Undergrad: 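Here it is, the structure, as structure tokens.
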Amino acid sequence: MKNSPASHGRILFMHEAYDIPFVQEKWLPVWDQLTPFKSGNADDPRPKKYVLDMFPYPSGDLHMGHAEAYTLGDVIARYWVQKGFNVLHPIGWDAFGLPAENAAIKRSADPRAWTYENIAVQKSSMRRFACSFDWDRVLHTCDPEYYKWNQWLFIEMFNKGLAYRKDSPVNWCPSCQTVLANEQVVAGLCERCDSVVTKKKLNQWYLKITDYADRLVDDMAELEGQWPEKVLMMQRNWIGRSQGAEVKFEIEGRSEAITVYTTRPDTLYGATFMVVAADAALASELVEGTQVAPVLAKYMEEVKAASDIDRLATDRPKSGIFLERYAINPVNGERIPIWASDYVLADYGTGAIMAVPAHDQRDLDFARAMKLPIRLVVETGEEDPSATGIAAAGEGKLINSGSLNGLAKDAAIAKIIEELSAKNLGIGAKNYRLRDWLISRQRFWGTPIPIIHCPSCGEVPVPQDQLPVELPDATGIDLKPKGSSPLGAIESWVNVPCPKCGAAAKRDADTMDTFMDSSWYYLRYVSNTNNEVAFDRKEVDTWLPVDQYVGGVTHAILHLLYSRFITKVLFDMGKVGFQEPFTKLLNQGMVLMDGSAMSKSRGNLVKLSDELEKHGVDAIRLSMVFAGPPEDDIDWADVSPSGSLKFLNRAWRISGDVTSKPGVDFATGDLSLRKVTHKSLNDISFAVETFRFNVAIARVMELVNATRKAIDSGCGPSDPAVREAAEAIAIALSLVAPFTAEEMWERLGHKPAVALAGWPAIDPALLEEDAVTVILQVNGKIKDRIDVNPNISESDLEKLAMENPEIKAAIAGAIITKVIVRAPKLVNIVL
RNA sequence: GCCUCGGUACUCCAACGGUAGAGAGGGCGGACUCAAAAUCCGCACAGUGUCGGUUCAAAUCCGACUCGAGGCACCA
């Protein structure tokens with residue numbers, strides 16, 4: 001059973017090269033023993049870094065996308081370990097969710113088995129992929145030990161009034177047979193299965209994220225520059241805060257005024273009618289008992305018949321009905337008609353608007369369709385809206401507006417709000433697009449909502465000492481989606497005495513949105529085995545917030561917004577000491593094939609296991625980071641794993657050529673190679689810290705090339721500088737190609753693990769260059785280049801430039817207007 | 001429709017406002033070989049999407065356009 005290199009594996013080179021499968025099998029058990037990535041305890045003197053990868057959903061084995069994401073997180077974690085930090089780099093599984101349940105239905109089995117099998121597969125793949133996880137920190141959200149704390153969190157929020165139930169039209173996926181949060185509806189379709197989402201009126205649990213809307217927007221200031229601008233923009237967009245005013249309109253024949261929300265109170269004089277949401281209670285109330293009531297009812301039927309997709313089409317003609325009621329414009333006493341339409345949303349603002357057709361496109365469309373008057377109140381220089389059909393949305397001076405005449409927009413808004421406030425007719429106000437987070441789900445495989453419904457006590461939270469409310473064994477239970485939770489059908493589970501009065505009561509049969517599970521999991525890692533609390537405050541204070549979060553941009557809104565929300569809730573409860581969970585965020589791109597996302601149906605699926613088999617773990621990891629900037633998509637068709645492997649072999653061969661002994665004094669080595677080594681290490685550090693991993697690899701390649709040259713035709717293999725360079729290469733490569741690096745480290749005469757070797761100290765003296773090239777320009781055109789000492793003074797450099805023959809020739813006889821000297825870079829002589 | 005980001009060689013990608021090329025892939029040629037692979041050496045190809053502005057100097061800053069990617073989309 002002898003394992004000789006180059007005879008054992010599938011990947012063979014006649015030239016000296018290492019045996020990939022052999023080397024991979026060789027080091028894994030060694031690392032298992034050494035646990036180089038076990039995070040230190042609270043008393044660890046090293047400064048901490050919490051590097052977090054978004055945890056996977058256990059749907060089968062790891063794929064190319066996982067490989068990219070986890071390589072990026074791994075490079076970062078390994079880098080900070082080398083730099084002497086106490087690094088926490090944990091992993092877990094986002095293990096509740098529909099795929100497990102659907103698989104269970106297909107095989108009439110328990111979702112548990114499928115889930116834990118997949119977790120085992122992924123876990124072993126991660127080990128083989130050399131992920132630097134701390135395997136003592138693992139969590140699975142489907143473990144009762146985890147979801148117990150999910151339930152605890154829910155009850156805490158319930159007690160604070162942040163979790164509540166309400167009747168509301170909700171998004172319903174007819175295929176998944178469950179409700180969806182707003183965030184899970186993409187262009188009218190279910191984000192999971194692409195079915196057309198319908199509306200259903202249901203009583204559901206919500207979390208009051210809208211209470212935190214302002215803070216979610218404002219606190220983004222501290223994420224500026226730390227998170228991708230794109231994500232911040234998407235969140236701002238999603239929350240959709242707008243500034244405006246609420247204005248009261250008296251209603252003829254009604255004691256109570258109607259309040260409308262507008263972002264353009266300056267155009268109040270241009271309001272020629274009012275529109276209320278057709279489905280709002282207000283609309284039906286206004287026509288109650290009149291002959292219009294049946295007309296409204298009929299209109300409502302038509303509106304309901306139109307699908308969400310139709311509703312989304314913005315070019316759809318406006319529809320609505322006149323309610324035969326009138327409102328009084330508070331600024332000019334004008335009597336304006338009240339209409340009902342589906343273009344006004346019941347659950348935004350007050351569900352009623354003042355319509356200013358001259359300056360709002362939607363109102364203009366409606367006015368033209370219904371033949372309602374249009375009055376200009378802002379002089380924008382645009383053409384007449386009633387003629388062109390295009391609203392004059394631009395800025396200009398106010399006209400036809402009483403006291404506002406002549407003012408510009410901002411001044412007019414300030415003035416009108418002041419005037420309205422003085423008469424108690426209006427007030428400055430904000431509004432949000434964000435809605436409360438609907439977390440009930442009518443499915444089995446999730447955290448049971450820990451509430452007991454008692455006929456006399458109402459909603460009673462399950463007492464702390466009875467948590468967790470465990471999911472029953474699913475074997476023999478019909479999990480097929482029927483529109484209500486399968487748990488509700490299990491008599492023995494659902495029927496319980498009320499914890500307060502002891503009367504017969506029922507458990508809430510719904511389960512929580514799995515985004516609840518993932519909205520706080522980063523806290524659980526620090527106390528993953530603690531059964532007393534969800535997370536220990538001392539551990540949290542030691543490790544949190546997360547220093548570096550790595551994951552896909554697909555979670556830009558959902559997961560990241562919910563996590564930020566929950567963190568703020570926990571902060572307010574005094575359970576954590578920070579308000580933003582993720583200090584820095586890196587979004588990796590996707591791995592594509594031939595320009596599009598990989599999928600079996602498209603026939604462009606690249607299997608990770610095949611690639612690993614063909615090229616080895618290191619070459620795949622290297623290819624992932626070398627392909628380009630991490631946030632860009634990678635087209636696997638553009639990537640050359642064999643090229644990566646070629647480079648790794650080139651690097652590895654250097655370790656075999658070194659003839660000096662470990663511990664040799666580098667200071668006596670060849671100066672020019674030493675300079676390259678130190679410059680490279682410096683550049684690699686900088687590139688890694690700024691996430692330019694592709695550049696970092698390019699620098700390692702340069703160092704390998706320089707070392708090769710030094711060995712073959714320079715100072716020779718015995719020079720200490722060659723060992724210094726080879727060790728630097730091994731340490732740098734340990735971030736991305738751990739097997740190759742460990743093998744190099746061994747051949748260089750060291751004991752494992754290279755991962756703990758420590759980043760070499762950089763000698764600043766070696767970063768100074770002997771000579772730099774200066775550009776000599778005349779009128780910005782390059783005439784010559786000269787090598788000078790990098791510390792040359794500006795006057796000396798100017799003198800040198802003036803003496804240069806090329807320059808002399810170029811300026812002969814001309815008058816010099818200006819001389820720009822930027823030592824030691826260039827001299828530009830302007831004639 | 002509105003907003004954000006991007007466009008550099010055949011391809012993927014580098015370049016504090018100051019030499020357009022770091023690195024790689026692919027191609028071609030040579031050395032080695034019976035031959036191929038691997039390895040080593042060499043070569044070529046040529047380009048900052050378009051137009052304008054700021055500047056001594058623009059791939060880089062500003063504006064418009066164009067193409068591509070993404071987000072929001074009756075949110076008043």
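Chain identifiers are assigned alphabetically (A, B, ...) following the order of the sequence lines, protein sequences preceding nucleic acid strands; residue numbering begins at 1 within each chain. Model, not experiment: these values are computed from the prediction.
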Undergrad: At under 4.0 Å between heavy atoms, what does A:Ile557 touch on the DNA or RNA strands: base, sugar-phosphate, or nothing?
TA: sugar-phosphate
Undergrad: Need the pair for B:A69. Rule: Watson-Crick or G-U wobble, both distances under 3.5 Å, any strand; none if unpaired.
TA: B:U4
Undergrad: Can you measure A:Phe626 atom CZ to B:A22 atom C1' for me and round it to whole angstrom units?
TA: 10 Å
Undergrad: Answer yes or no: does a side-chain N or O of A:Lys230 lie under 4.0 Å from OP1 or OP2 of B:G70?
TA: no
Undergrad: Which is more 5' along RNA chain B, the nucleotide nearest A:Met234 or the one nearest A:Met354? Just name the residue.
TA: A:Met234
Undergrad: Give the rounded distance in Å between these two atoms: CG of A:Asp683 and C1' of B:A14.
TA: 12 Å
Undergrad: Taking atom types as modelled, is there a side-chain donor on A:Thr210 or A:Tyr432 under 3.5 Å from an acceptor on the other?
TA: no
Undergrad: If I pick the C1' atom on B:U66 and the same atom on B:A22, what distance separates them, to the nearest angstrom?
TA: 31 Å
Undergrad: Using modelled atom types and a 3.5 Å cut-off, is there a donor and acceptor pairing between side-chain atoms of A:Arg699 and backbone atoms of A:Ser680?
TA: no
Undergrad: A:Phe626 and A:Phe647: aromatic ring centres closer than 6.0 Å?
TA: no
Undergrad: Where the side chain of A:Ser640 is concerned, which of B:A76, B:G25, B:G23 is the nearest nucleotide?
TA: B:G25
Undergrad: Nearest to the side chain of A:Thr262 - B:C13, B:G70, B:A76?
TA: B:A76
Undergrad: Which nucleotide, B:A22, B:G18, B:A76, lies nearest any side-chain atom of A:Ser242?
TA: B:A76
Undergrad: Determine which nucleotide pairs with B:G18, using a 3.5 Å limit on both distances of a Watson-Crick or G-U wobble pair.
TA: B:C56
Undergrad: Using a heavy-atom cut-off of under 4.0 Å over every strand shown, decide if A:Asn705 touches base, sugar-phosphate, or nothing.
TA: sugar-phosphate
Undergrad: Quote, to the nearest angstrom, the C1' distance that separates B:A44 from B:C10.
TA: 12 Å
Undergrad: Can you tell me how far C1' of B:C41 sits from CG of A:Asp712, to the nearest Å?
TA: 11 Å
Undergrad: Remember a base hit wins even if backbone is also touched, and classify A:Arg236 as base, sugar-phosphate or nothing at under 4.0 Å, heavy atoms.
TA: nothing
Undergrad: Regarding A:Pro629, tell me which of base, sugar-phosphate or nothing describes its non-hydrogen contacts under 4.0 Å with the strands shown.
TA: sugar-phosphate
Undergrad: If the P atom of B:A38 is compared with that of B:G49, how far apart are they to the nearest Å?
TA: 36 Å
Undergrad: Return the pairing partner of B:C12 with a 3.5 Å limit on both distances, Watson-Crick or G-U wobble; otherwise return none.
TA: B:G23
Undergrad: Could you give the distance separating B:A64 and B:U54 at their C1' atoms, to the nearest angstrom?
TA: 15 Å
Undergrad: When you get a sec, tell me which of B:G70, B:C40, B:A76 is the closest nucleotide to the side chain of A:Ile353?
TA: B:A76
Undergrad: How about A:Glu611 and A:Trp636: does a side-chain donor come under 3.5 Å of a side-chain acceptor?
TA: yes
Undergrad: Specify the residue among A:Arg433 and A:Ile697 whose closest nucleotide of RNA chain B lies further upstream toward the 5′ end.
TA: A:Ile697
Undergrad: Reckon A:Lys646 touches a base, only the sugar-phosphate, or nothing at all at heavy-atom distances under 4.0 Å?
TA: sugar-phosphate
Undergrad: Rounded to the nearest angstrom, tell me the gap between atom CG in A:Leu592 and atom C1' in B:A69.
TA: 11 Å
Undergrad: Between B:A69 atom P and A:Asp635 atom CG, what is the distance in whole Å?
TA: 14 Å
Undergrad: Identify which nucleotide among B:A73, B:C56, B:A15 has an atom closest to any side-chain atom of A:Arg692, counting heavy atoms from C-beta outward.
TA: B:A15
Undergrad: Please work out if A:Gln777 contacts a base, only the sugar-phosphate, or nothing of the nucleic acid, heavy-atom cut-off 4.0 Å.
TA: base
Undergrad: Do A:Lys318's NZ or CZ and the ring of A:Phe366 fall within the cation-pi criteria of under 6.0 Å and 45°?
TA: no
Undergrad: Measure from the side chain of A:Met233, starting at C-beta and using heavy atoms only, and say which of B:G23, B:A76, B:U4 lies closest.
TA: B:U4
Undergrad: For A:Ile782, report the nucleic acid contact type (base, sugar-phosphate, nothing); a contact means any heavy atom under 4.0 Å.
TA: sugar-phosphate
Undergrad: With a 3.5 Å cut-off and no angle check, do the side chains of A:Arg650 and A:Asn705 form a donor-acceptor pair?
TA: yes
Undergrad: What nucleic acid atoms does A:Lys825 come within less than 4.0 Å of, heavy atoms only: base, sugar-phosphate, or nothing?
TA: base
Undergrad: Can you tell me how far C1' in B:A58 sits from the matching atom in B:U48, rounded to whole Å?
TA: 11 Å
Undergrad: Are side-chain N/O atoms of A:Ser242 and A:Asn431 paired as donor and acceptor at under 3.5 Å?
TA: no
Undergrad: Using a heavy-atom cut-off of 4.0 Å across all strands, would you classify A:Ser644 as base, sugar-phosphate, or nothing?
TA: nothing
Undergrad: On a whole-Å scale, what distance lies between the P atoms belonging to B:G63 and B:G7?
TA: 16 Å
Undergrad: Mind checking the P distance from B:A24 to B:G17? Whole angstroms is fine.
TA: 26 Å
Undergrad: Rounded to whole angstrom units, what separation is found between the CE atom of A:Met590 and the C1' atom of B:A69?
TA: 10 Å
Undergrad: Would you say the side-chain atoms of A:Asp633 pair up with the backbone N or O of A:Val591, donor to acceptor, closer than 3.5 Å?
TA: no
Undergrad: What distance, rounded to whole Å, do you find between the two C1' atoms, one in B:A59 and one in B:G18?
TA: 13 Å
Undergrad: Taking the side chain of A:Ile820 as its heavy atoms from C-beta onward, which of B:G18, B:U19, B:A24 lies nearest to it?
TA: B:G18
Undergrad: Quick one: which of B:U39, B:U11, B:U19 gets closest to the side chain of A:Ile775?
TA: B:U19
Undergrad: Go ahead and name the base partner of B:A64; Watson-Crick or wobble counts if both distances stay under 3.5 Å, otherwise write none.
TA: B:U50
Undergrad: Just to confirm, is there a sub-4.0 Å distance from OP1 or OP2 of B:A76 to any side-chain nitrogen or oxygen of A:Tyr348?
TA: yes
Undergrad: Give the rounded distance in Å between these two atoms: CG of A:Leu797 and P of B:G18.
TA: 17 Å
Undergrad: Could you check whether A:Asn329 and A:Tyr269, counting side-chain N and O atoms only, form a donor-acceptor pair closer than 3.5 Å?
TA: no
Undergrad: According to the Watson-Crick and G-U wobble definitions, with both distances under 3.5 Å, which nucleotide is paired to B:C40?
TA: B:G30
Undergrad: Round to a whole Å and report the spacing from CZ of A:Arg785 to P of B:A20.
TA: 7 Å
Undergrad: Which listed nucleotide (B:C40, B:A76, B:A22) is nearest to the side chain of A:Arg650?
TA: B:C40
Undergrad: Starting the side chain at C-beta, find the nucleotide from B:A57, B:A76, B:U11 nearest to A:Asn828.
TA: B:A57
